**Q** 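Below is a structure I'd like to ask you about.
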Amino acid sequence: MYRRSLRTSGRRTSLERALLLSLLFAAGCNYGFHGGGFPSHIRTLYIEPVQNETSRFELEQELSAALLQRLPGALGVTPAARDNADAILQVRIVGYDDQAQSYATGGATSPPRILERQVQVTLQVRIIDVTRDPSVVLWSAGSLVGRGQYADDSQTDQAGREQAIEHLLQQIVDGAQSQW
């Protein structure tokens, strides 16, 4: 009789564990992230054309393409037309700089040689909740700086710009998500 109660108790414990795991699994299936850290009513995002105050016109196109391709997914929203969007992203390029970072000293007859350069891109960014009346700024940054290095002798400044844009995208995602 003693053995029988242990078996029954063991079966019950196994059955209870299985049931508990099933409930936890089912509850986990209903859980998910929404809005990438935005308030729950922000489901769509319109990305305005990038404003460029620099003389580097290719930068506007490169940044726009990266924002459209990567930002909605990273923030957990769907791209939308302006009239259908819950939020609007505004980006302005306010600075571009490409400077030498490291040099090799020259010899008696040769000048110093640039080894590495750094691209620096500066943005102003705002994300606006347009579902509210009046519109509410969800997040803004007056000066985000993205940096990227490239080897002067084997790469072009485009490699540095790509790194700087990646750096900026990460800062936008981190900043937007930090508010919620």
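Excluded from the calculations below are hydrogen atoms, water molecules and symmetry mates; all remaining heavy atoms, backbone and side chain alike, are included. Just so we're clear, the structure is a prediction, and the values are computed from it rather than from any experiment.
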**Q** Any non-hydrogen side-chain atom of L45 less than 4.5 Å from a side-chain atom of L89?
**A**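 SC-SC contact between L45 and L89 confirmed.
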**Q** Which residue pairs satisfy the salt bridge (charged side-chain N to carboxylate O under 4.0 Å, His left out) criterion with at least one member in residues 65-78, sequence neighbours excluded?
**A** R70-E166
**Q** Are Y96 and V94 in one and the same hydrophobic cluster, where Ile, Leu, Val, Met, Phe, Trp and Tyr link if side-chain heavy atoms are under 4.5 Å apart?
**A**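 No; V94 is not reachable from Y96 via cluster members.
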**Q** If you group Ile, Leu, Val, Met, Phe, Trp and Tyr whenever their side-chain heavy atoms sit less than 4.5 Å apart, what else falls in with I114?
**A** Y103
**Q** Under 3.5 Å, is there a donor-acceptor pair between the side chain of Q163 and the main chain of Q149?
**A** yes
**Q** Please confirm whether the backbone N or O of V145 pairs with a side-chain atom of Q171, one donor and one acceptor, at under 3.5 Å?
**A** yes
**Q** Can you sort out the partners of Q69 under side-chain hydrogen bond (donor to acceptor under 3.5 Å, both in side chains), two or more places apart, ordered by chain and number?
**A**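 Here no residue qualifies.
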**Q** Enter the distance from I128:CD1 to Y46:OH here, rounded to the nearest 0.5 Å.
**A** 12.0 Å
**Q** Rounded to the nearest 0.5 Å, how far does CZ of R147 lie from CD of Q101?
**A**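 Rounded to the nearest 0.5 Å, the CD-CZ separation comes out at 9.0 Å.
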**Q** Kindly indicate whether the side chain of Q99, heavy atoms from C-beta on, has any atom under 4.5 Å from the side chain of Q118.
**A** no
**Q** Say whether, by atom type as modelled, one donor and one acceptor occur between the side chain of R117 and the main chain of D98 under 3.5 angstrom.
**A**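 Yes, because the side chain of R117 sits within donor-acceptor range (under 3.5 Å) of the backbone of D98.
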**Q** Without swapping roles, check the side chain of D86 against the backbone of R43 for a donor-acceptor pair under 3.5 Å.
**A** yes
**Q** Just one of V91, L59, V50, N52 clears the side-chain contact (heavy atoms from CB on, under 4.5 Å) bar with S64, so which one?
**A** V50
**Q** What heavy-atom pair brings V121 and A164 nearest, and what distance separates the two atoms?
**A**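 Looking at all heavy atoms of both residues, the closest pair is CG2-CB, 4.0 Å.
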